[in-house]
Participant: 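Encoded as structure tokens, here's the structure I'll be asking about.
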Amino acid sequence: MERERALLVAVQARRSGARGGSWDAESSLEELGRLVDTAGGRVVGKTIQKLDSPHPAQYVGAGRLNDIVAQRETIGYNLVVFDDELTPRQQRKLEEALEVKVLDRTALILDIFAMRARTREGRLQVELAQSEYLLPRLAGQWSHLERLGGSGRQGAIGVRGPGETQLETDRRMARRKIGRLKKDIEGVRRQRSLYRRRRAKSGVPVVSLVGYTNAGKSTLMRALTRADVFVEDKLFATLDPVTRQIHLPSGRTALLTDTVGFIQKLPTQLVAAFQATLEELAEADLLLHAVDITHPDAAQQSQTVDDTLAELGLQDKPRVTALNKVDMLIEHEGGEPEDLGAFELSLAEHRPDAVLVSAQEMWGLDQLLVRIDEELARVTTSPQFAARPA
Ligand SMILES: Nc1nc2c(ncn2[C@@H]2O[C@H](COP(=O)(O)OP(=O)(O)OP(=O)(O)O)[C@@H](O)[C@H]2O)c(=O)[nH]1
Ligand SMILES: [Mg+2]
């Protein structure tokens with residue numbers, strides 16, 4: 001199948017909102033392009049408009065919208081992706097004007113999640129998030145069909161008759177589906193919490209990997225546990241939590257959990273739907289924050305992770321930070337460099353307690369394990385640790 005040809009559109013807002021405040025539109029659009037790529041599309045053009053805030057009716061201004069319409073011939077896009085969540089009203093207006101498929105950042109992320117979800121839990125959570133996203137947009141879909149049907153009453157098959165009734169039916173069905181999904185997820189949650197309680201009783205402390213998507217969490221997991229977890233240079237390679245044992249220098253053991261990565265403007269529906277997954281973080285004794293120190297937006301990514309953790313009420317959870325992919329920053333003649341700590345990294349200055357690692361080259365892992373060991377000894381109430389303080 002031919003890859004869909006996407007035009008990307010962002011607004012650089014002068015008054016930026018609370019979410020994703022420090023990101024500039026250029027970086028954000030770059031990331032949106034990676035999301036399109038991950039979803040299987042191809043970016044054929046980009047446009048950024050500076051506005052005080054996105055236009056309430058059509059996201060961009062009327063003039064810019066005309067430019068975009070005109071570009072359809074020249075660059076031949078068949079999909080337009082907007083870098084913020086569109087309101088149902090904006091979405092409808094834009095579909096009308098552009099006459100191609102219109103997606104927003106949220107729909108794109110939900111689509112990737114749907115593509116990645118493998119376990120029943122993951123699938124249920126994605127389906128819930130998608131249903132919640134679609135519910136307020138059902139009206140728009142309906143009026144769109146109505147228009148296709150021509151003049152109201154005598155439209156095409158399936159779109160005739162009193163529209164409100166059909167819309168009400170759709171909404172009711174969507175709400176019923178959401179209710180059913182929530183109940184199923186509740187079951188999964190209960191199962192998870194039982195499992196966690198059993199784990200807590202066993203006294204083995206839990207370390208949860210957190211970090212921006214593509215930071216190298218799964219690679220680090222693989223390096224520390226030799227587990228065969230999925231690694232890919234795409235966004236959101238990992239969705240479902242995986243837990244493996246790690247051996248610490250003191251001879252003690254802990255469990256390490258790898259899970260879904262964060263991203264700026266993470267759809268609220270996803271955060272809500274992924275409660276069962278995110279509760280893993282809440283129950284962890286320690287968070288291991290992986291940062292891709294080579295990424296041009298490393299500082300913003302790291303800030304986004306902090307903000308997301310704060311939104312989840314986890315800002316005070318004990319944490320160890322691993323600045324990953326340092327192999328890309330330095331020239332080396334094979335083997336691990338003598339002193340990773342000697343490298344000048346601006347982010348490292350902000351996080352003096354961070355450990356420099358290369359998950360890929362397996363550098364800095366001994367030091368990282370020592371830090372995890374020390375930190376666990378400090379924070380955990382696990383009998384295993386209490387019995388033999390470090
Ligand atoms: N050069 C280099 N590449 C790395 C390192 N660690 C990970 N990578 C690469 O970075 C990409 C993402 O790695 P993953 O481990 O899948 O990242 P993740 O944080 O689990 O990503 P998601 O699950 O998508 O959120 C892959 O292409 C890895 O090979 C490293 O230390 N050095
Ligand atoms: Mg991963």
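From a predicted model like this one, the values you see are computed outputs, not experimental measurements. Order of appearance sets the numbers: ligands from 1, and atoms from 1 within every ligand. Values reported hereafter were calculated over all heavy atoms of this structure, with side chains retained and with hydrogens, waters and symmetry mates removed.
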Participant: Where's the contact between Met221 and ligand 1, heavy-atom distance under 4.0 Å: side chain, backbone, both or neither?
Facilitator: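 For Met221, there is no contact with ligand 1 at all, from either part.
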Participant: What protein heavy atom lies closest to atom 18 (P) of ligand 1? Include the residue and the distance to one decimal.
Facilitator: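 The closest one turns out to be Lys217 N, 3.4 Å.
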Participant: Taking Pro296's backbone N and O only, do any of them form a donor-acceptor pair with Gln301's side chain (distance below 3.5 Å, no angle check)?
Facilitator: no
Participant: I'd like to know if Asp83 and Lys265 make a salt bridge, using a cut-off of under 4.0 Å between side-chain N and carboxylate O.
Facilitator: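 Salt bridge: yes.
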Participant: Any Lys/Arg nitrogen of Asp306 or Arg319 sitting under 4.0 Å from an Asp/Glu carboxylate oxygen of the other?
Facilitator: yes
Participant: Do NZ/NE/NH1/NH2 and the carboxylate oxygens of Glu232 and Arg116 come within less than 4.0 Å?
Facilitator: yes
Participant: Between Arg189 and Glu280, is there a side-chain N and carboxylate O pair less than 4.0 Å apart?
Facilitator: no
Participant: Taking only heavy atoms of Lys234, which atoms of ligand 1 are found under 4.0 Å from at least one of them?
Facilitator: 24 (O)
Participant: Are side-chain N/O atoms of Gln264 and Ser28 paired as donor and acceptor at under 3.5 Å?
Facilitator: yes
Participant: With atoms numbered from 1 as shown, which atoms in ligand 1 lie under 4.0 angstrom from a non-hydrogen atom of Met328?
Facilitator: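 Counting from 1, the qualifying ligand atoms are 1 (N).
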Participant: Side chain or backbone, does Thr219 bring an N or O within less than 3.5 Å of an N or O on ligand 1?
Facilitator: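 Yes, there is a polar N/O contact under 3.5 Å.
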Participant: What I want to check is whether the side chains of Asn214 and Asp233 have a donor and an acceptor closer together than 3.5 Å.
Facilitator: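 The criterion, which ignores hydrogens and geometry beyond distance, is satisfied for Asp233 and Asn214.
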Participant: Tell me the protein heavy atom at minimum distance from atom 29 (O) of ligand 1, and give that distance in Å.
Facilitator: Val231 CG1, 3.9 Å
Participant: Does Lys317 pair with Glu283 as a salt bridge, N-O distance under 4.0 Å?
Facilitator: no
Participant: Which atoms of ligand 1 are found less than 4.0 Å from any heavy atom of Ala215?
Facilitator: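 Under 4.0 Å from Ala215, ligand 1 has these atoms: 19 (O).
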Participant: Among all protein heavy atoms in this structure, tell me which lies nearest to atom 3 (N) of ligand 1, with the distance rounded to 0.1 Å.
Facilitator: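 Looking at atom 3 (N) of ligand 1, the protein heavy atom closest to it is Gln360 OE1, 3.2 Å.
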Participant: Tell me, which protein residue and heavy-atom name are nearest atom 32 (N) of ligand 1, and how many Å apart are they?
Facilitator: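 Going by distance alone, atom 32 (N) of ligand 1 is nearest to Asp327 OD1, 2.7 Å.
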Participant: Show which atoms of ligand 1 fall inside a sub-4.0 Å distance from at least one heavy-atom site of Phe236.
Facilitator: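 Matching atoms, with element in brackets: 24 (O).
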Participant: With a cut-off of 4.0 Å, which atoms of ligand 1 are near a heavy atom of Thr213?
Facilitator: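 Going through ligand 1 atom by atom, the ones under 4.0 Å from Thr213 are 22 (P), 24 (O), 25 (O).
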Participant: Verify the distance criterion only: is there a donor paired with an acceptor across the side chains of Thr277 and Gln125 at less than 3.5 Å?
Facilitator: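 Yes, Gln125 and Thr277 have a side-chain donor paired with an acceptor closer than 3.5 Å.
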Participant: Which residue owns the protein heavy atom closest to atom 24 (O) of ligand 1, what's the atom, and how far is it?
Facilitator: Ala237 N, 2.6 Å
Participant: Between the side chains of Ser250 and Arg252, is a donor N or O closer than 3.5 angstrom to an acceptor N or O?
Facilitator: yes
Participant: Show me which atoms of ligand 1 lie under 4.0 Å from any heavy atom of Ser218.
Facilitator: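 Answer for ligand 1: 15 (O), 18 (P), 20 (O).
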Participant: Please work out which of the three classes, parallel, tilted or perpendicular, describes the rings of Tyr59 and Phe82, given edges at 30° and 60°.
Facilitator: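 Perpendicular.
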Participant: Please determine whether a side-chain nitrogen of the Lys or Arg among Arg378 and Asp373 lies less than 4.0 Å from a carboxylate oxygen of the Asp or Glu.
Facilitator: no
Participant: Quick test of your reading of the structure: of Leu235, Ile112, Leu209, Asn214, whose heavy atom lies closest to atom 12 (C) of ligand 1?
Facilitator: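 Looking at heavy atoms only, the winner is Asn214.
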Participant: Using only heavy-atom distances, determine whether the side chains of Gln300 and Tyr212 contain a donor-acceptor pair under 3.5 Å.
Facilitator: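 Side-chain D/A pair, Gln300 to Tyr212: absent.
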Participant: May I ask you to say whether Lys93 pairs ionically with Glu96, meaning some side-chain N is under 4.0 Å from a carboxylate O?
Facilitator: no
Participant: If you measure from the Lys or Arg side-chain nitrogens to the Asp or Glu carboxylate oxygens, is any gap between Lys101 and Glu95 under 4.0 Å?
Facilitator: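 Result for this pair is no, no salt bridge flagged.
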Participant: Between Gln303 and Asp307, do the side chains contain an N or O donor and an N or O acceptor separated by less than 3.5 Å?
Facilitator: yes
Participant: Measure the distance from atom 6 (N) of ligand 1 to every protein heavy atom, then report the residue, atom name and distance (to 0.1 Å) of the closest one.
Facilitator: Asn324 ND2, 3.2 Å
Participant: Is Glu232 touching ligand 1 with its side chain, its backbone, both, or neither, if touching means heavy atoms under 4.0 Å apart?
Facilitator: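 The answer is the backbone of Glu232.
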Participant: Residue-level breakdown please: for Lys325 versus ligand 1, do any non-hydrogen atoms fall below 4.0 Å on the side chain, on the backbone, on both, or on neither?
Facilitator: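 The answer is both, backbone and side chain.
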Participant: For ligand 1, is there an N or O atom under 3.5 Å from any N or O atom of Gly216?
Facilitator: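 So ligand 1 has an N or O lying under 3.5 Å from an N or O of Gly216.
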Participant: Give every protein N, O or S atom lying under 2.8 Å from the Mg ion (ligand 2), naming each by residue and atom.
Facilitator: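 Sorted hits: Ser218 OG, Thr238 OG1.
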Participant: Give the residue, atom name and distance (to 0.1 Å) of the protein heavy atom nearest atom 27 (O) of ligand 1.
Facilitator: Asp233 CB, 3.2 Å
Participant: Hey, does Gly211 sit under 4.0 Å from ligand 1 if you only count heavy atoms?
Facilitator: no
